[in-house]
Colleague: 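Structure in structure tokens, see below.
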Amino acid sequence: MRIPEELAELGKKQIEPYPVEGFVYGSGPAYPKLMLVGEAPGETEIGNGIPFSGRAGNELMKFLEMAGVTREEVYITSAVRSRPYKWGEKKGPGGTTIKRKYNRAPTSREIIAHAPLLDYEIEHVHAPIIVTLGNIGLKRLVGKDKKVSALHGELLVQPVLRIKEDQFEWTEQEYRIFPTFHPASIFYNRRLLQLIHDDMEKLRELRGNFPVNQ
Ligand code: URA
């Protein structure tokens with residue numbers, strides 16, 4: 001499944017005022033075993049156009065294996081489809097400083113700029129369970145007051161947020177949402193690894209109850 005080109009163009013135009021670069025399409029089947037919603041692509045992804053193909057992606061693939069699915073069987077997307085960056089400095093050879101771009105979390109405005117793209121994917125990708133990876137994806141779908149630390153590993157059955165004229169509103173339809181941590185979180189906090197493993201075990205069991213939609 002790929003979003004229509006006009007929608008991709010709208011997303012590119014709406015995000016243009018902000019410090020972001022590149023554009024990565026969501027990818028996967030229209031009838032996947034799971035839909036995954038991350039945060040935003042990083043440097044690797046905007047280079048090759050493949051979501052979760054960098055360091056975080058390597059971790060994600062191990063987690064998917066624990067949940068009993070492969071990359072080809074899931075639809076992978078994120079709240080924002082361009083790479084949000086900020087300028088920073090790092091030390092170069094001989095005491096020089098080199099300016100470079102660092103990843104940062106997307107802002108609310110950037111999330112709103114790409115909201116119609118994710119809305120379209122949620123409507124047209126028929127996933128039995130939507131897995132949010134980290135706080136950005138979770139808050140985008142179920143509200144800013146929600147936290148992955150409190151909700152991870154629990155199945156939520158509820159409407160999701162969708163954009164209408166720059167405001168979020170709830171869908172009439174209910175979805176199954178399974179929040180877990182972003183795979184990159186383990187680079188900063190190794191203790192999350194066990195929690196993610198436990199979540200993947202639960203997800204594997206849940207998948208048995210909710211097979212692929214047809
Ligand atoms: N994080 C995301 O949310 N998406 C990617 O594609 C890579 C890292």
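Start at 1 and go down the list; that is how both ligands and their atoms are numbered. Since this is a predicted model, take the numbers as computed values, not measurements.
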Colleague: Give me the ring orientation class for His182 and Phe52: parallel if the planes are under 30° apart, tilted from 30 to 60°, perpendicular past 60°.
Modeller: tilted
Colleague: Between Glu65 and Lys62, is there a salt bridge with N-O shorter than 4.0 Å?
Modeller: no
Colleague: Just jot down the ligand 1 atoms closer than 4.0 angstrom to any heavy atom of Glu39, in number order.
Modeller: 2 (C), 3 (O)
Colleague: Under 30°, 30 to 60°, or over 60°: which ring-plane class applies to His124 and Tyr120, parallel, tilted or perpendicular?
Modeller: parallel
Colleague: N/O to N/O below 3.5 Å, does that happen between Phe52 and ligand 1?
Modeller: yes
Colleague: Considering the heavy atoms of His182, write down every atom of ligand 1 situated less than 4.0 Å from one of them.
Modeller: 1 (N), 2 (C), 3 (O)
Colleague: Linking Ile, Leu, Val, Met, Phe, Trp and Tyr by side-chain heavy atoms under 4.5 Å, what else ends up with Tyr85?
Modeller: Trp87
Colleague: Is the contact between Ala40 and ligand 1 made by the side chain, the backbone, both, or neither, using heavy atoms and a 4.0 Å cut-off?
Modeller: backbone
Colleague: Test the Arg100-Tyr102 pair against the cation-pi criterion, namely NZ or CZ under 6.0 angstrom from the six-membered ring centroid and within 45° of the ring axis.
Modeller: yes
Colleague: Would you check whether Pro41 reaches within less than 4.0 Å of ligand 1, judged by its heavy atoms?
Modeller: yes
Colleague: Is a salt bridge present between Asp119 and Arg140, judged by a nitrogen-to-oxygen distance below 4.0 Å?
Modeller: yes
Colleague: Would Ser78 count as being in polar contact with ligand 1, using the rule that some N or O on each side must be under 3.5 angstrom apart?
Modeller: no
Colleague: Looking at atom 7 (C) of ligand 1, what's its closest protein heavy atom, distance included?
Modeller: Glu45 OE2, 3.3 Å
Colleague: With heavy-atom distances below 4.0 Å as the criterion, list the atoms of ligand 1 near Gly38.
Modeller: 3 (O)
